[in-house]
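Below, all heavy atoms of this structure are taken into account, side chains as well, without hydrogens, waters or symmetry copies. Every chain is numbered from 1 and lettered A, B, ... according to where its sequence line falls, protein lines coming before strand lines. Only a predicted model underlies this, so the values are computations on that prediction, with no experimental measurement involved.
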There are 2 protein chains.
Amino acid sequence: MLVSNTSRDRPDGDRVNDKARTRERNRAAVQEVALRLFAEQGYEATTVAQIAREAGVSHMTFFRCFPSKEAVVLDDDYDPMLEELIRSRPVTEEPVERIHRATMTGLGQVYEHARETLLRRTELLLSIPGLRARIGENLASARTAFERGLTPEGEEPGVETRAVAAACAAALSTAVIAWSETGGEADLPDLIDRVFHALRGLPAPEPLSPEVRP
Amino acid sequence: MLVSNTSRDRPDGDRVNDKARTRERNRAAVQEVALRLFAEQGYEATTVAQIAREAGVSHMTFFRCFPSKEAVVLDDDYDPMLEELIRSRPVTEEPVERIHRATMTGLGQVYEHARETLLRRTELLLSIPGLRARIGENLASARTAFERGLTPEGEEPGVETRAVAAACAAALSTAVIAWSETGGEADLPDLIDRVFHALRGLPAPEPLSPEVRP
DNA sequence: ACACCATATGTTAGTGAGTAACACTTCCCG
DNA sequence: CGGGAAGTGTTACTCACTAACATATGGTGT
């Protein structure tokens, strides 16, 4: 259904559905146009109709790609990675510590590859009052990932697990926000470290980067 | 309009504006009608116009009382109390512990007086997908209160403080949600205690009430 | 190769939240 | 008592989002 591969015509490598392809292409186009317009003229001032027009699709296609205007900014896909990283940490560690270390690893990678993207997106998020309030949703998906990472397969998480997951998601989000508020000047891994240390009631770690604040 | 109460006739104590009075009365009426209608026929199915009509005010008055339809459900005013309670705890305590204890005191009081109200409101909140996502906002106000409670007057909170505040708000919210999911059967103070203990990496406390789960 | 079907898209028309502008009433204060 | 301030209502508007139906297009079975 997804992969049909009528290989008789085209002997070359990637042979996914043209349909799915176009869909993805549309989605990407819409997102790109949207983010550009948001940056250029502001979020509120940009209408869905305009985005659709400039992306060369209809109004409806927009909503078929993104469930809402906000989703264009909020969409995020680091969560599955984080879940896996948490699960792979030893269960002997305290839940908060597992998340702490998993996050350090995961975000460390993101930090290397997609630093700029993450920064721009977060700044945009914070600059739009309507979205700022909704960081919680963003957070909710991280929370779920943490929860799943902490809970053995097939079990239901207890209140404690759910609370720890939610709390860590909130703490992490705070670190990312603080980082974006410095315009990316601060060292994100270091901020994350400090935040989790504070949560666990540990003394502040020595900074990895020489100058976090001048 | 509804009640005229011109204060020259009444020499008694509370001498607030009649205007402000009526405003409050309007606000209360709107909120009451809204919550009733939400419960009766669902949140989505209830329009602002209908609420306004049944409350005997205009469409506009609704929005002058509540910035949005959602605010009717989300509005909450425990926060100033929590801020004060936190501030009054000794600074020698760890931040998480300060919030933990302050919350135990504060929510303990609410639990006595407004248990039913809190329960209904939370249940409503969870039952409405559109609002469920926005618990984050609700949380944001608690976070701010925690932040302020932890920060000495005139200072700016650091990342650590902000993170701890956000994390505790998330944890608290989880406890309240879990409580409402049991239909109020569970003991909220006990849940809060467990949640904060988990956060601090302490062993689970013995329950205060004999039977939390049968 | 041809017909069939599923799926993505566009068109149109509608609902409902939230806002702006202006006129009107009502209370407060000098 | 008169003028200003603040609250309210009316109307008209924008815009996110949805439903229904028509249409195109690529994939599939024969």
Side-chain angles (χ1 to χ4, degrees), chain A residues 1-10 14-30 34 37-38 41-74 128-131 133-134, chain B residues 1-10 14-30 34 37-38 41-74 128-131 133-134:
Chain A
M1 185 192 189
L2 278 169
V3 180
S4 67
N5 242 343
T6 46
S7 33
R8 50 203 169 80
D9 296 339
R10 312 165 132 216
D14 52 339
R15 200 54 77 81
V16 222
N17 259 346
D18 272 12
K19 291 230 166 162
R21 235 283 171 77
T22 331
R23 193 156 167 32
E24 271 319 297
R25 193 191 287 279
N26 268 346
R27 195 188 141 92
V30 166
L37 289 179
F38 291 163
Q41 53 183 27
Y43 179 82
E44 309 286 352
T46 308
T47 73
V48 170
Q50 187 187 4
I51 298 170
R53 197 175 343 111
E54 297 216 11
V57 298
S58 93
H59 176 220
M60 284 303 296
T61 301
F62 176 96
F63 285 110
R64 288 189 183 110
C65 292
F66 298 92
S68 73
K69 183 182 173 185
E70 298 173 343
V72 181
V73 184
L74 290 174
I128 302 160
L131 287 184
R134 232 163 268 211
Chain B
M1 180 192 188
L2 280 167
V3 175
S4 65
N5 234 351
T6 42
S7 35
R8 51 197 170 79
D9 298 340
R10 314 167 129 218
D14 54 340
R15 199 57 78 80
V16 225
N17 262 345
D18 272 13
K19 294 231 166 164
R21 256 256 183 80
T22 328
R23 192 157 167 32
E24 271 318 298
R25 193 190 285 280
N26 267 348
R27 196 189 140 89
V30 166
L37 289 179
F38 291 163
Q41 53 183 29
Y43 178 81
E44 308 286 353
T46 307
T47 73
V48 170
Q50 187 187 4
I51 298 171
R53 198 175 342 113
E54 297 214 13
V57 298
S58 92
H59 175 219
M60 283 303 296
T61 300
F62 177 96
F63 285 110
R64 289 200 256 258
C65 291
F66 297 92
S68 73
K69 183 181 173 188
E70 298 172 343
V72 181
V73 185
L74 290 174
I128 301 162
L131 287 183
R134 233 164 267 210

**Asked** What is the minimum heavy-atom distance between B:T46 and B:K69, and which atoms define it?
**Response** O-NZ, 2.8 Å
**Prompt:** Which whole-number value in Å describes the distance from B:R53 CZ to C:dA17 P?
**Reply:** 12 Å
**Fill in**
Protein heavy-atom contacts under 4.0 Å, written 5' to 3' over nucleotides 13-18 of chain D as B (base), S (sugar-phosphate only) or - (none), form the string --SSBB
**Presence of B:R64 side-chain N/O under 4.0 Å of D:dG7 phosphate oxygens OP1/OP2** = no
**Complete:** Taken in chain and number order and not counting sequence neighbours, the residues that satisfy ring-ring contact (aromatic ring centres under 6.0 Å, His included) with B:F66 are none
**Request:** Calculate the interatomic distance between B:R25 atom CZ and C:dT26 atom C1'; express it in whole Å.
**Result:** 16 Å
**Asked** B:R23 CZ to D:dA5 P: how many Å, rounded?
**Response** 18 Å
Without placing hydrogens or testing angles, list every side-chain donor-acceptor pair under 3.5 Å for residues 50-64 of chain A, not counting sequence neighbours.
unit_1 : atom_1 : unit_2 : atom_2 : d
A:Q50  : OE1    : A:Q41  : NE2    : 2.8
A:S58  : OG     : A:M60  : N      : 3.1
A:S58  : OG     : A:T61  : N      : 3.4

**Spacing of B:E24 atom CD and B:C65 atom SG [to the nearest 0.5 Å]** = 8.0 Å
**Prompt:** Are OP1 or OP2 of C:dT9 and a side-chain N or O of A:N26 less than 4.0 angstrom apart?
**Reply:** yes
**Request:** Pick base, sugar-phosphate or nothing for A:T61, based on heavy-atom distances below 4.0 Å to the nucleic acid.
**Result:** sugar-phosphate
